[in-house]
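A short worksheet on the structure shown next.
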Amino acid sequence: MATAPKPTTAKKESSGSSIFASLTMVFCIVIGVLLWKFVMGSPSNFEGGNPEGHPLPGNYFAMVYKGGIIVPILIGMLLMVIVFSIERFFVISKAAGTGNVEAFVKRIQGFLSNGNIEAAVAECDKQKGSVANVIKSGLKKYREVEADPNLDIEQASLAIQKDIEEATALEMPMLEQNLTIIATLVSVGTLTGLLGTVTGMIKSFAALATAGAPDQAALANGISEALINTATGIATSTVAIIMYNIFTSKIDKLTYSIDEAGFSIVQTYASTHK
């Protein structure tokens, strides 16, 4: 980046991201309820066209509908995981730039070893993305301290390192936004599914507690509700934890690339200005 983003800009971006996250969560829950009510609960999925009756044999939509009112909440959570995962994928891919990050860092190191700072800056302009922005900021500082005769090698090296750290601190939070939501859904999905399991089992035991012969239909519905909620909650948590680990791994690689290139910039300055 040509200049470090201003704090006010960062606040606006953070506010915009919060609004996006809030609206997305509400939207996903609404979509989950609509899917559960009108798609899975469609009369065509049930015997006699009655959603209160038995599902048609092998009709999974109807079976999920019978999971009860907690199911649409779980569907909404699963949609949240999918939406935020897609959003994070594009943001992190954009942060990595137009080419392979590892190859980009190696090219920067090659230019630095030859003392060709201008070529390194041009390479950053070509690569784009957060990694290139941070490295370019360090290279600009390199040229600034090089032109300042009042700084000794140690002061100049510290100035370059500090500039890279500040640029990193401005760029990295953008990559981690909304990951907290995905991480939270790992636990919340399981707990919500467990809540549905408990409510289903309560209905099953209520059917067993009736006077005389147990209500077999109510017993079966209660067990079915418990299992459907369990499965949906586990599926939501599984997808969430997989996506969270994938994205944190990608962010760690980007951070490592920045640290590697930043170290090369500082070392190059120190070795060429003895």
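Hydrogens, waters and symmetry mates are skipped; everything else that's a heavy atom, side chains included, is used.
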Inset, instruction - Heavy atoms only: give me the nearest Met25-Phe84 pair and the separation to one decimal. - result: CG-CE1, 4.1 Å
Inset, instruction - State yes or no: do Ile246 and Leu78 share one hydrophobic cluster built from I, L, V, M, F, W and Y residues joined by side-chain heavy-atom distances below 4.5 Å, directly or via other members? - result: yes
Inset, instruction - Could you walk me through whether Lys140 and Arg143 pass side-chain contact (heavy atoms from CB on, under 4.5 Å), step by step? - result: CA-CA 5 Å; Lys140 287 184 64 181; Arg143 290 188 297 191; 3.9 Å; yes
Legend entry - Short side-chain to backbone donor-acceptor contact, Ser130 and Met172, under 3.5 Å: no
Inset, instruction - Please identify each residue that fulfils side-chain hydrogen bond (donor to acceptor under 3.5 Å, both in side chains) with Ser42, with sequence neighbours left out. - result: Ser44
Inset, instruction - Might you work through the side-chain contact (heavy atoms from CB on, under 4.5 Å) test for Met77 and Val188, ending with a clear yes or no? - result: CA-CA 9 Å; Met77 290 181 181; Val188 175; 3.4 Å; yes
Inset, instruction - Just jot down the side-chain hydrogen bond (donor to acceptor under 3.5 Å, both in side chains) partners of Glu166, sequence neighbours excluded, or say none. - result: none
Inset, instruction - For residues Gly138 and Ile265, report the shortest heavy-atom separation together with the two atoms involved. - result: O-CG2, 4.2 Å
Legend entry - Connected via hydrophobic side-chain network under 4.5 Å: Val134 and Tyr269: yes
Inset, instruction - Check the hydrophobic clustering (I, L, V, M, F, W, Y; side-chain heavy atoms under 4.5 Å; chains of links allowed) and say if Val105 and Phe263 are grouped together. - result: no
Inset, instruction - Please name all residues satisfying side-chain contact (heavy atoms from CB on, under 4.5 Å) with Thr268, sequence neighbours left out, ordered by chain then number. - result: Leu112, Tyr142, Thr272
Legend entry - Qualifying salt bridge (charged side-chain N to carboxylate O under 4.0 Å, His left out) pairs with a residue from residues 27-46, counting only residues at least two apart or across chains: none
Legend entry - Ala235: side-chain contact (heavy atoms from CB on, under 4.5 Å) partners, not counting sequence neighbours: none
Inset, instruction - Kindly say whether Ala226 contributes a backbone atom to a donor-acceptor pair with the side chain of Thr230 at under 3.5 angstrom? - result: yes
Inset, instruction - Inspect the surroundings of OH in Tyr244 and state if more than 12 heavy atoms from other residues, nucleotides or ligands are less than 6.0 Å away. - result: no
Inset, instruction - Say whether, by atom type as modelled, one donor and one acceptor occur between the side chain of Glu102 and the main chain of Ser257 under 3.5 angstrom. - result: no
Legend entry - Atom pair CD1/CD1 of Ile70 and Ile228 - distance to nearest 0.5 Å: 12.5 Å
Inset, instruction - Kindly state each residue pair satisfying side chain to side chain donor-acceptor pair (under 3.5 Å) with at least one member in residues 231-240, sequence neighbours excluded. - result: Thr190-Ser237
Inset, instruction - Please identify each residue that fulfils side-chain contact (heavy atoms from CB on, under 4.5 Å) with Asn114, with sequence neighbours left out. - result: none
Legend entry - Side chains of Ser137 and Asp163, donor plus acceptor under 3.5 Å: yes
Legend entry - Pairing residues for Lys128 by the side-chain hydrogen bond (donor to acceptor under 3.5 Å, both in side chains) criterion, not counting sequence neighbours: none
Inset, instruction - Please determine if Lys141 and Glu144 form a salt bridge, counting it only when a charged side-chain N lies under 4.0 Å from a carboxylate O. - result: yes
Legend entry - Nearest-0.5 Å distance that lies between atom CD1 in Ile117 and atom CD in Glu146: 7.0 Å
Legend entry - For Ala96 against Gln127, the heavy-atom pair lying closest together: O-NE2, 2.9 Å
Inset, instruction - Please answer whether the main-chain N or O of Phe104 pairs with a side-chain N or O of Glu123 as donor and acceptor at a distance below 3.5 Å. - result: no
Legend entry - Backbone of Glu154 reached by a side-chain donor or acceptor of Ser157 within 3.5 Å: no
Legend entry - Distance in Å, Ile234 CD1 paired with Asn229 CG, rounded so as to fall on 0.5 Å steps: 11.0 Å
Inset, instruction - Compare every heavy atom of Ile135 with every heavy atom of Cys124, then report the nearest pair and how far apart it is. - result: SG-CG2, 3.8 Å
Inset, instruction - Take atom CG of Leu194 as the centre, draw a 6.0 Å sphere, and report whether it contains more than 12 heavy atoms from other residues, nucleotides or ligands. - result: yes
Inset, instruction - Applying side-chain contact (heavy atoms from CB on, under 4.5 Å), name anything that partners Leu191, two or more places apart in sequence or on another chain. - result: none
Legend entry - Backbone of Ala220 reached by a side-chain donor or acceptor of Ser224 within 3.5 Å: no
Legend entry - Closest non-hydrogen atom pair between Val186 and Ala240, with its separation: CG2-CB, 3.6 Å
Legend entry - Atom pair CE/CG of Met80 and Leu74 - distance to nearest 0.5 Å: 10.0 Å
Legend entry - Pair listing, ring-ring contact (aromatic ring centres under 6.0 Å, His included) test, anchored in residues 162-195, at least two apart: none
Legend entry - Ala95 to Leu254 - nearest heavy-atom pair and separation: CB-CD1, 4.3 Å
Legend entry - Summary of side chain to side chain donor-acceptor pair (under 3.5 Å) pairs that have at least one residue in residues 73-90, sequence neighbours excluded: Glu87-Asn178
Inset, instruction - Give, for atom CD1 of Ile108 and atom NZ of Lys136, the distance between the pair rounded to the nearest 0.5 Å. - result: 11.0 Å
Inset, instruction - State the CD1-OG1 distance between Ile19 and Thr24, to the nearest 0.5 angstrom. - result: 11.5 Å
Inset, instruction - Walk me through it: do Lys203 and Asn221 pass the test side-chain contact (heavy atoms from CB on, under 4.5 Å)? - result: CA-CA 8 Å; Lys203 293 179 181 178; Asn221 287 337; over 6 Å; no
Inset, instruction - Give a yes or no answer on whether the side chain of Ser204 reaches the backbone of Gly200 with a donor-acceptor pair at less than 3.5 Å. - result: yes
Inset, instruction - Please tell me if the side chains of Met201 and Phe205 come closer than 4.5 Å, counting only heavy atoms from C-beta onward. - result: yes
Inset, instruction - Verify the cluster assignment for Ile164 and Ile153: are they in a single hydrophobic cluster under the rule of side-chain heavy atoms below 4.5 Å apart? - result: no
Legend entry - Selection residues 57-77 - residue pairs positive for side chain to side chain donor-acceptor pair (under 3.5 Å), sequence neighbours left out: Asn45-Asn59
